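Chain A is the first sequence line, chain B the second, and so forth, proteins listed ahead of strands; every chain is numbered from 1. Computed from a prediction, not measured in an experiment: that's the story for all the values here.
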Amino acid sequence: MKTVVHWFRKGLRIHDNPALRHAVDLVLENPNETVLRPIFILDPGIRETLLVGPNRWRFLQESLAELDENLKIINSRLYVVRGNAVDVLARLFKEWNVTTITWEYDIEPFSVKRDGHVEKIAHDFGVNVVIEKSHTIYDHEEIIKKNRGKPTLTYNSFLSIAATCEISPPLDPPNKLPKGISTFMDKDEKRDSHCYDVPSLSELGVSPTDCGPHKFPGGETEALLRMEAHLERTNYICTFEKPNTSPNSLEPSTTVLSPYLKFGCLSSRLFFKRLNEVTAGKKHSQPPVSLAGQLIWRDFYYCVASCTPNFDKMKGNPVCIQIPWGTNEQHLEAWRNGQTGYPFIDAIMRQLKQEGWIHHLARHAVACFLTRGDLWISWEEGKKVFEEYLLDADWALNAGNWMWLSASAFYYQYYRVYSPISFGKKTDKEGKYIKKYVPELKNYPAGIIFEPWKASKAEQKKYGCVIGEDYPERLVIHDDAKDINMEKMKKAYAKNRETKAGTSKPVKEENDDEDTKRKSTTKIKSPPKKVVKKK
DNA sequence: TTCGAGTTGAATGT
DNA sequence: ACATTCAACTCGAA
């Protein structure tokens with residue numbers, strides 16, 4: 001008996017899964033001599049080093065359980081194998097008599113390295129490797145090639161190149177395998193027929209009491225139901241404009257399909273196609289603000305991340321402006337735990353930790369606060385916290401968005417700073433969101449709940465929450481911190497320009513440098529438009 | 001080399 | 001609800 005293996009990593013779905021379909025079709029060509037083994041590899045050794053909080057472990061567990069169910073529909077099942085991927089596959093290639101292994105291509109450096117190892121081992125064992133791209137809408141190698149070998153650094157340039165690319169149509173789930181075909185049991189299964197079962201929460205080291213409210217269950221079926229429910233809201237889909245959605249509504253103002261896209265429970269190509277079907281022939285919003293535009297943002301970040309070294313770091317990252325961030329362990333912990341003394345910021349951070357999802361604009365507010373706005377702490381620290389708590393934590397998007405918000409890449413208007421007081425007021429005058437997630441402030445009236453330090457001591461006592469005792473004092477005074485940090489950003493940008501000019505043009509013009517310095521420190525209302533060029 | 005555009009700023013006007 | 005001002009960034013098209 002021969003075995004065809006499909007290796008699930010991301011892409012935890014049976015719909016629009018070309019690598020899975022390829023494996024199934026191979027088995028269907030020769031069903032009497034070949035069996036299908038769809039596997040997921042769980043590495044207990046790596047679990048300690050991964051930044052995954054309880055909520056995301058639960059999401060993964062549920063996604064695997066549903067994947068197993070959905071594979072049973074095509075008369076297969078999921079085999080969860082415990083161990084290190086390279087070791088496990090080297091062993092199984094032999095024990096299972098594997099002829100072909102298929103998987104979905106992934107850009108993350110960890111995956112690229114691991115997959116390279118596996119490919120080499122497969123070659124040694126004479127196993128065919130079939131790799132399909134299906135995690136994003138576009139083929140980014142094609143986009144990079146059309147952009148003269150470089151990643152696009154703006155959305156619009158990505159969009160214009162993407163418009164010239166073909167999109168593969170999403171595939172249906174694979175055909176069913178014949179029922180009751182001869183299968184085989186390996187020696188582990190003979191010893192323990194449950195050895196490949198989907199892990200329980202406790203096997204993943206998670207107790208249900210560690211998890212927050214169960215708002216977003218994992219899995220492909222859940223993903224498709226959620227998508228279709230949103231697609232029925234034609235007006236919502238057609239008028240959707242991301243910047244106009246609320247970061248602090250009590251029920252999400254956006255679809256919350258991101259965790260499903262992250263794990264590949266939902267195909268981005270399918271969602272993209274369905275969105276276009278709903279908006280076709282109707283007046284509708286456009287990228288970048290539309291819903292389809294949101295999916296293109298995802299592709300944008302995947303594309304640049306796929307070809308940028310050290311994309312998740314500042315140092316050695318060619319797209320990232322070098323900024324001399326400070327360190328402050330106390331401030332970082334206060335931010336992480338929602339104890340900054342700014343109710344809007346703290347409410348967001350507590351929602352994140354409890355529920356694993358916060359609105360995109362809420363992410364903006366807290367990310368700006370941690371980095372260039374208030375605390376002057378590196379975006380890499382914030383990225384780690386998001387990586388742990390977010391259900392949708394996605395390597396490329398997380399790093400890309402942190403660079404955006406800290407004005408380290410893609411976004412350069414560092415003088416536009418979110419106010420931790422007024423930004424949230426626009427969409428939640430009453431402060432209902434704050435009252436939910438920072439309940440110690442629940443008796444504060446609308447006018448003052450965004451800045452409770454303004455209440456007199458007597459009022460604070462009356463409201464049952466004294467600032468500095470029952471709720472923390474502000475870590476920094478925003479209006480002061482913002483000005484100091486903006487100056488630091490200005491200097492960092494200037495230095496970055498110098499470095500850039502130095503690497504491309506070795507000859508340095510000293511006089512011009514002096515001019516720039518003077519201009520940047522003195523305020524000139526209307527500098528003369530025409531500057532005499534020195535040669 | 002120049003210049004317009006950039007998903008989502010805040011404060012202060014009308 | 002929308003316009004203006006604030007002070008000023010980089011990318012990429014022209």
Side-chain angles (χ1 to χ4, degrees), chain A residues 146-148 150-161 239-249 253-254 285-301 304 318-323 344 348 358-369 372-374 397 400-401 403-427 450-451 478-479 482-483 485-501 504-505 512 516 519-527 529-535:
Chain A
K146 284 181 170 169
N147 197 45
R148 289 160 302 159
K150 290 189 138 190
T152 52
L153 297 177
T154 63
Y155 187 85
N156 278 338
S157 61
F158 181 87
L159 203 59
S160 60
I161 295 175
T239 60
F240 185 95
E241 293 191 348
K242 186 64 155 280
N244 296 339
T245 56
S246 166
N248 48 4
S249 51
S253 60
T254 50
S285 54
Q286 294 290 331
V289 295
S290 62
L291 271 169
Q294 304 311 301
L295 286 174
I296 297 171
W297 275 108
R298 175 175 179 272
D299 263 55
F300 167 76
Y301 284 125
V304 56
V319 303
C320 184
I321 291 175
Q322 305 296 301
I323 296 167
F344 178 57
I348 295 167
I358 52 178
H359 185 277
H360 185 67
L361 291 177
R363 301 180 196 200
H364 278 217
V366 297
C368 184
F369 186 88
R372 65 189 169 88
D374 295 82
L397 279 59
N401 277 311
M403 281 188 270
W404 180 291
L405 258 301
S406 60
S408 300
F410 315 119
Y411 181 86
Y412 306 96
Q413 288 152 283
Y414 62 78
Y415 40 84
R416 290 190 177 177
V417 178
Y418 290 90
S419 162
I421 299 151
S422 40
F423 185 65
K425 278 187 192 170
K426 285 188 288 191
T427 42
F450 283 84
E451 36 198 338
H478 173 70
D479 284 337
K482 173 194 74 178
D483 290 342
N485 293 342
M486 217 183 279
E487 273 304 307
K488 290 185 189 166
M489 288 299 287
K490 195 176 187 172
K491 287 207 174 87
Y493 269 52
K495 202 175 171 190
N496 187 68
R497 270 196 303 273
E498 265 175 48
T499 314
K500 242 184 160 178
S504 60
K505 287 187 229 163
D512 279 0
T516 325
K519 272 182 204 159
S520 66
T521 45
T522 55
K523 283 178 185 170
I524 297 171
K525 271 271 167 180
S526 51
K529 276 261 167 183
K530 290 198 174 172
V531 180
V532 182
K533 285 176 201 166
K534 291 171 198 168
K535 262 265 162 178

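- Annotation: side chain to side chain donor-acceptor pair (under 3.5 Å) contacts involving residues 289-300 of chain A, sequence neighbours excluded, comprise A/His135-A/Arg298, A/His140-A/Asp299, A/Lys242-A/Gln294, A/Ser268-A/Arg298.
- Only the C1' atoms considered, B/dT8 is 22 Å distant from C/dG12, to the nearest whole Å.
- Partners of A/His360 under the ring-ring contact (aromatic ring centres under 6.0 Å, His included) rule, at least two apart in sequence or in another chain, are A/His364.
- Summarising the geometry, the separation between CE on A/Met403 and P on C/dC11 is reported as 13 Å, rounded to the nearest angstrom.
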So which protein N/O to nucleotides 10-13 of chain B N/O distances come out below 3.5 Å?
{"residue": "B/dA10", "atom": "OP1", "partner": "A/Ser419", "partner atom": "N", "Å": "2.8"}
{"residue": "B/dA10", "atom": "OP2", "partner": "A/Lys426", "partner atom": "NZ", "Å": "3.1"}
{"residue": "B/dA11", "atom": "OP2", "partner": "A/Ser422", "partner atom": "OG", "Å": "2.9"}

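- Side-chain nitrogen and oxygen atoms of A/Lys482 include none within less than 4.0 Å of the OP1 or OP2 phosphate oxygen of C/dA7.
- The OH atom of A/Tyr411 sits 15 Å away from the P atom of C/dA8 (whole-angstrom rounding).
- Sorted by first then second residue, the salt bridge (Lys or Arg N to Asp or Glu O under 4.0 Å) pairs that include residues 405-415 of chain A, not counting sequence neighbours, number zero.
- C/dT10 and B/dA10 have their C1' atoms separated by 22 Å, with the value rounded to a whole Å.
- If you measure from atom NZ of A/Lys425 to atom C1' of B/dG9, you get 15 Å, rounded to the nearest angstrom.
- A/Arg372 places a side-chain N or O within 3.5 Å of a backbone atom of A/Leu405 that can act as its donor or acceptor partner.
- The phosphate of C/dC9 (OP1 or OP2) has no side-chain N or O of A/Lys490 nearer than 4.0 angstrom.
- At least one side-chain heavy atom of A/Val417 sits under 4.5 Å from a side-chain heavy atom of A/Cys368.
- Counting only distance, with no hydrogens or angles, the side chain of A/Asn248 and the backbone of A/Gly424 share a donor-acceptor pair below 3.5 Å.
- Atom CD in A/Gln413 sits about 15 Å away from atom P in B/dG4, given to the nearest Å.
- Contacts between residues 291-299 of chain A and DNA chain C, defined by a heavy-atom separation below 4.0 Å, involve no residue at all.
- Scored by the side-chain contact (heavy atoms from CB on, under 4.5 Å) test, A/Lys426 finds A/Phe423 as partners (sequence neighbours excluded).
- OP1 or OP2 of B/dG6 sits under 4.0 Å from a side-chain N or O of A/Asn156.
- Taking atom OH of residue A/Tyr493 and atom P of nucleotide C/dT10, one finds them 7 Å apart after rounding to whole Å.
- Within 3.5 Å, no donor on the side chain of A/Tyr415 pairs with an acceptor on the base of C/dA7, nor the reverse.
- Taking atom CG on A/Asn485 and atom P on B/dG9, their separation rounds to 19 Å, with Å as the unit.
- Here B/dT7 is the nucleotide among B/dT7, C/dC11, C/dT10 with the atom lying nearest to any side-chain atom of A/Pro243.
- If you measure from atom CZ of A/Arg372 to atom C1' of B/dG9, you get 9 Å, rounded to the nearest angstrom.
- Between A/Arg363 and A/Asn401 there is no side-chain heavy-atom pair separated by less than 4.5 Å.
- Both A/Ala494 and A/Arg416 sit near DNA chain C, but only A/Arg416 has its closest nucleotide nearer the 5' end.
- With a 4.5 Å cut-off on side-chain heavy atoms, A/Tyr418 and A/Phe344 do not count as touching.
- Sequence neighbours left out, the pairs with a member in residues 409-425 of chain A that pass salt bridge (Lys or Arg N to Asp or Glu O under 4.0 Å) are A/Lys425-A/Glu451.
- In terms of the side-chain contact (heavy atoms from CB on, under 4.5 Å) criterion, residue partners of A/Thr239 (sequence neighbours excluded) are, by chain and number, A/Asn235.
- When only modelled atom types and interatomic distance are considered, A/His478 and A/Ser419 share no side-chain donor-acceptor pair under 3.5 Å.
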Quick one: which protein N/O atoms are closer than 3.5 Å to N/O atoms of nucleotides 12-14 of chain C? Pair and distance per line, please.
{"residue": "C/dG12", "atom": "OP1", "partner": "A/Leu153", "partner atom": "N", "Å": "3.2"}

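- Evaluation of the salt bridge (charged side-chain N to carboxylate O under 4.0 Å, His left out) rule for A/Lys150 yields no partner, not counting sequence neighbours.
- To the nearest whole angstrom, the two P atoms, one in C/dA8 and one in B/dT1, are 23 Å apart.
- Counting only heavy atoms from C-beta outward, the side chains of A/Leu159 and A/Phe300 never approach each other to under 4.5 Å.
- If you take NZ of A/Lys150 and C1' of C/dC11, they are 11 Å apart, rounded to a whole angstrom.
- Taking atom P in both B/dT2 and C/dA7, the straight-line distance is 24 Å, to the nearest Å.
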Using Watson-Crick or G-U wobble pairs with both distances under 3.5 Å, give me DNA chain B in dot-bracket, 5' to 3', with [ ] for crossers and | for pairs to another strand.
-> ||||||..||||||
Table please: side-chain donor-acceptor pairs of residues 407-415 of chain A below 3.5 Å, with sequence neighbours left out.
{"residue": "A/Ser408", "atom": "OG", "partner": "A/Ser406", "partner atom": "OG", "Å": "2.8"}
{"residue": "A/Tyr412", "atom": "OH", "partner": "A/Phe410", "partner atom": "N", "Å": "3.1"}

